[in-house]
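Just so it is clear, the structure is predicted and the values come from calculations on it, not from any experiment.
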Amino acid sequence: MLRLVGAGVMLTVMADTTATTLAVGVLRYTPAGAGMPLGDLVWLTSAAFIPIAALLATAGRWADLFGRRRVLAVGLVVFVLGGIATVTADSWSFVLAARAVQGAGAAAMIPASLGLLLGELPESERRGAIALWSSASGLGCLLMQAGGGWLAAAVDWRMLFVPDVVIGVVLLVACLALPSGKRAGARGLPDVLGAWLLAAGIAVIVLAISKAMAWGTDVAWLGLAAVLLIGGALAQARHHRLPAIDLALWRRPRFVWGWLATWGFGALSYGLLTVQPLYLLHLGYPMLEVAMWLTPTSVAVVVTSYLAGKLVKHIGPYGLIYAGSLLCGGACVLVLTQVGPTVWGLIASVVVGMGVGALAPGTSVATTLAARPHQYASAVGAATMARMVGGAVGVAVVSLVIDHPALIGGFGGLAGAIAICVAISVLTGALALTKITRVRTDPGDVMVKVPRRMLLELRMTLATVAAEADALLPAETRALPMDPHAAQRAGQHAGPHAGVHVNPHVNQPANPPVHAVPRPRAADSGPLASTRGNPN
């Protein structure tokens, strides 16, 4: 049930994201949204991304402090209510507000689900659980692309959000069968002010990027405001008893490297997810055929995520990140050489899915397992925050390049957006390659693990050597007798050659006199028997 609910949460969130990108494409090329610029339409995506990115770190922290199942259930309730409002709202402003509510619910669902999964499973099963959790996102994308095209074409674009509501209700009922999840048991009020400052800072960053061309140099003031807001959130975290940001997590170099790679993955994957349907719809393909062209990408994501979960033990998470970045960048270059959908374009689409399928578990393992067990939900929240912030920035930049193309021609904006994706692939791959070639390790890691059997053998050997060495000493200088229970334990641990024999059935005085001297014992066989000589 833990695995099903954890995978179901990620499936639902990714299906919701895919539904948003499909809805943007439908509105872009239908009379319903033809009069709106793309920069305004993509706020259907950004309205959910901003609260997800802004609240993930705080929600993960609260899940660790107050119970992961509790936070998961609250997130599911908020997500379902926001989905119902998205389907039923009339005005565009109310739709965006409902999407923001859904984003806030998803922000609580994501870290609590994986934190609960990792906290309850043994260490040997955690990598497989992360791979399952990551591959579920590809499955959600696949199901929405396969069925969402039909829903949008047959009914309306709002129907794209109905399946998320239904699955959310099912997951909420399934939460009753889950364990409560470990919590720190800390007392006091959480850092609400720090959470709001962090959320506002991230929202201002995304707003500045999306409105850069429209507002010109005025966005510099937004950048300054974002720095001040995030700085205030960090200051709160330094002094608050229950901070919204777990600063101890950010002092681990392994986590910082994984966070940066996850940021690049978010910008790349969501940028590609936005460009693909717009590219096909620009060619005049109907929505059903667009969904068919996108399906191979999602199939490749699901299959590769599963296989990558098996490979991560052998090549490491950064090996997967490097391979995924190489595949995505190469596929984008191949698309730039084609004109319209061709066989090579279909191959590139599959390769993109393979790259994303390798990046998803690679970045998840790199960030999550860099944390301590009591920080799992915080690590998931901070890592997914990086993915969503990267996704919000990637969507904003891609839409900006498409609306204001620097290249000449009908595909100038789309080609520029794909070129941006190539650049992000190169940067992410370079970061992974740098981490692979680094030889300095994190001092917080445990580098040597000695099997328990070797420790037991070493203890028996030391006990034998101690007994043999004691036999070489004069009788009057030997150790005083220990209490009978300790002697019994020493005799059991020393083994048959220890020279110490305690009969547990013989009554011995509880407090032997201090002046008592043990009788010299007869020489027995052992590894040092030939070196004893005269005991006197």
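Heavy-atom neighbours of W196 CH2 from other residues, nucleotides or ligands within 6.0 Å: at or below the threshold of 12. Taking a 6.0 Å sphere around OH of Y270, one finds it holds more than 12 heavy atoms contributed by other residues, nucleotides or ligands.
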List the steps, then state whether side chain to side chain contact (heavy atoms under 4.5 Å, CB included) holds for V365 with L320. CA-CA 10 Å; V365 171; L320 286 179; over 6 Å; no

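Considering only residues two or more places apart in sequence or on other chains, R158 meets the side chain to side chain donor-acceptor pair (under 3.5 Å) condition with none of them. Taking D16 as the reference, R99 meet the salt bridge (Lys or Arg N to Asp or Glu O under 4.0 Å) condition, with sequence neighbours excluded. The side chain to side chain contact (heavy atoms under 4.5 Å, CB included) search around L307 returns V303, not counting sequence neighbours. When the ring-ring contact (aromatic ring centres under 6.0 Å, His included) test is applied to F161, no partner is found at least two apart in sequence or on another chain. Applying the side chain to side chain contact (heavy atoms under 4.5 Å, CB included) test to V350 and every residue at least two apart in sequence or in another chain returns P296, A300, M354. In this structure T12 satisfies the side chain to side chain contact (heavy atoms under 4.5 Å, CB included) test together with F79, D164, I167, L171, sequence neighbours excluded.
The shortest heavy-atom contact between T86 and A98 is OG1-CB, 3.3 Å. When all heavy atoms of C421 and C332 are compared, the pair lying nearest together is CB-SG, 4.0 Å.
Between the side chain of T428 and the backbone N or O of S425, no donor-acceptor pair lies under 3.5 Å. A distance-only check finds a donor-acceptor pair linking the side chain of T297 to the backbone of S349 [under 3.5 Å]. The backbone N or O of T434 lies less than 3.5 Å from no partner atom in the side chain of Y322, so there is not a single donor-acceptor pair. Side-chain atoms of S113 come within 3.5 Å of backbone atoms of I110 as a donor-acceptor pair (strictly under, hydrogens ignored).
Side chains of R387 and L359 form no contact here, defined as non-hydrogen atoms less than 4.5 Å apart.
When each of V398, V275, V401 is checked for a side chain to side chain contact (heavy atoms under 4.5 Å, CB included) with I418, only V275 meets the rule.
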